[in-house]
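Notes for the one structure printed next.
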Amino acid sequence: MKKKRIILIVVVIAIVIAGASVILFNHGNSRFDSSSSSSEESSKITVVHPKGKWSGVKKYPNNQSVTVKFQFKANHQYKLIEENTVSQCWTRTYTGGYTRDGNKITCIPEQVIASTYSSKDAMKKGEASATDTVSKDQFYKQFGNQQHSILTLKRNSIAIVHDEEHITMTQN
């Protein structure tokens, strides 16, 4: 009986020592890599810098499409032009500010200028049949939501989710 207890105690001590060794070994190998200090870099994968002008198109049947043109401005301001030829022809120009958290950017418009056109040709010529400026407090009433856009910075592009559209933009 004493031999079994001694063997059990030796086994428990061996397990504790082995566990402590594993913890110490792993802790010693998990040093912080200070060579990667850029906020634009994660695991050596870089993302695009949010600067300049970007655009993208989502195509639909019957030669219809949604085009977004995005411009980063100074002081975390932006301008987004959305051109839509799906069932109707219209544009919306959004201006406002944005915030960034890692590779995500949230755009919050202050104003929207909405224009409607009688045809694609009228749209190309800039001949609006109606134009309305919508202030921030009227967005939900006019559009059914607050018109926020979410951008995801990627290696060579920016993905935008805007008004239920998912579009990949490249730099112009």
Side-chain angles (χ1 to χ4, degrees), residues 26-27 29-117 120-121 123-126 128 131-172:
N26 285 340
H27 180 70
N29 289 334
S30 64
R31 297 180 190 263
F32 176 73
D33 180 12
S34 62
S35 65
S36 173
S37 61
S38 172
S39 64
E40 303 272 82
E41 195 170 306
S42 172
S43 300
K44 303 292 183 195
I45 298 175
T46 57
V47 296
V48 296
H49 294 281
K51 296 179 183 176
K53 296 180 179 182
W54 297 75
S55 63
V57 178
K58 184 169 184 180
K59 297 189 182 244
Y60 289 92
N62 301 322
N63 202 24
Q64 298 175 341
S65 64
V66 174
T67 302
V68 290
K69 298 174 185 175
F70 193 95
Q71 180 180 6
F72 290 98
K73 296 183 161 201
N75 300 320
H76 288 92
Q77 297 294 303
Y78 78 97
K79 178 179 182 179
L80 168 64
I81 300 172
E82 177 185 17
E83 298 175 345
N84 189 319
T85 62
V86 180
S87 74
Q88 297 178 359
C89 295
W90 53 264
T91 62
R92 291 182 188 158
T93 302
Y94 303 82
T95 54
Y98 67 87
T99 59
R100 180 174 177 183
D101 184 14
N103 69 334
K104 297 280 187 199
I105 293 177
T106 303
C107 300
I108 303 166
E110 295 295 323
Q111 175 179 287
V112 177
I113 300 172
S115 300
T116 55
Y117 301 88
K120 285 184 187 179
D121 288 334
M123 188 179 205
K124 287 178 185 175
K125 293 177 185 176
T131 299
D132 188 21
T133 300
V134 183
S135 62
K136 187 175 184 174
D137 60 338
Q138 295 295 311
F139 289 171
Y140 197 84
K141 182 178 179 182
Q142 289 282 336
F143 307 120
N145 61 47
Q146 288 304 102
Q147 297 296 298
H148 293 183
S149 302
I150 305 296
L151 281 67
T152 303
L153 304 176
K154 299 192 175 215
R155 181 180 288 230
N156 297 316
S157 62
I158 297 176
I160 184 171
V161 177
H162 173 77
D163 205 17
E164 300 182 25
E165 297 286 350
H166 297 257
I167 300 174
T168 299
M169 299 186 296
T170 56
Q171 194 164 24
N172 298 342

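We're numbering straight along the sequence, starting at 1. Since we're looking at a predicted model, the values are computed, not measured.
- Listed by first then second residue, pairs satisfying side-chain hydrogen bond (donor to acceptor under 3.5 Å, both in side chains) with a partner in residues 162-172 read Ser55-Asn172, Tyr60-Glu165, Glu82-His162, Arg92-Asp163, Tyr94-His162, Ser149-His162, not counting sequence neighbours.
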*Run the side-chain contact (heavy atoms from CB on, under 4.5 Å) check on Met169 and Leu151 step by step: do they pass?*
CA-CA 10 Å; Met169 299 186 296; Leu151 281 67; 4.2 Å; yes

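- In this structure Lys53 satisfies the salt bridge (charged side-chain N to carboxylate O under 4.0 Å, His left out) test with no other residue, sequence neighbours excluded.
- Remark: Ile81 CD1 to Thr95 OG1 distance equals 10.5 Å, nearest 0.5 Å.
- Checked against side-chain contact (heavy atoms from CB on, under 4.5 Å), Thr152 has the following partners two or more places apart in sequence or in another chain: Asn103, Lys104, Lys154, Ala159.
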Side chains of residues 64-80: which donor-acceptor partners sit under 3.5 Å, not counting sequence neighbours?
| unit_1 | atom_1 | unit_2 | atom_2 | d |
| --- | --- | --- | --- | --- |
| Lys69 | NZ | Glu83 | OE2 | 3.3 |

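- In this structure, NZ in Lys59 is found 9.5 Å from OG1 in Thr85, a value given to the nearest 0.5 Å.
- One N or O on the side chain of Arg100 and one on the backbone of Gly102 form a donor-acceptor pair closer than 3.5 Å.
- Surrounding CZ of Phe143 are more than 12 heavy atoms belonging to other residues, nucleotides or ligands, all under 6.0 Å away.
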*Given side-chain contact (heavy atoms from CB on, under 4.5 Å), test Val48 with Trp54 step by step and report yes or no.*
CA-CA 11 Å; Val48 296; Trp54 297 75; 3.8 Å; yes

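- Separating the OG1 atom in Thr106 from the CD1 atom in Ile150 is a distance of 3.5 Å, to the nearest 0.5 Å.
- Of all non-hydrogen atoms in Gly126 and Tyr117, the two that sit nearest each other are C-CE2, 4.0 Å.
- Contact check for Asn63 versus Lys120: side-chain heavy atoms found under the 4.5 Å cut-off.
- Residues in residues 132-149 take part in these salt bridge (Lys or Arg N to Asp or Glu O under 4.0 Å) pairs, two or more places apart or across chains: Glu110-Lys136.
- Applying the side-chain contact (heavy atoms from CB on, under 4.5 Å) rule to Thr133 yields the partners Gln111, Ile113; only residues at least two apart in sequence or on another chain are considered.
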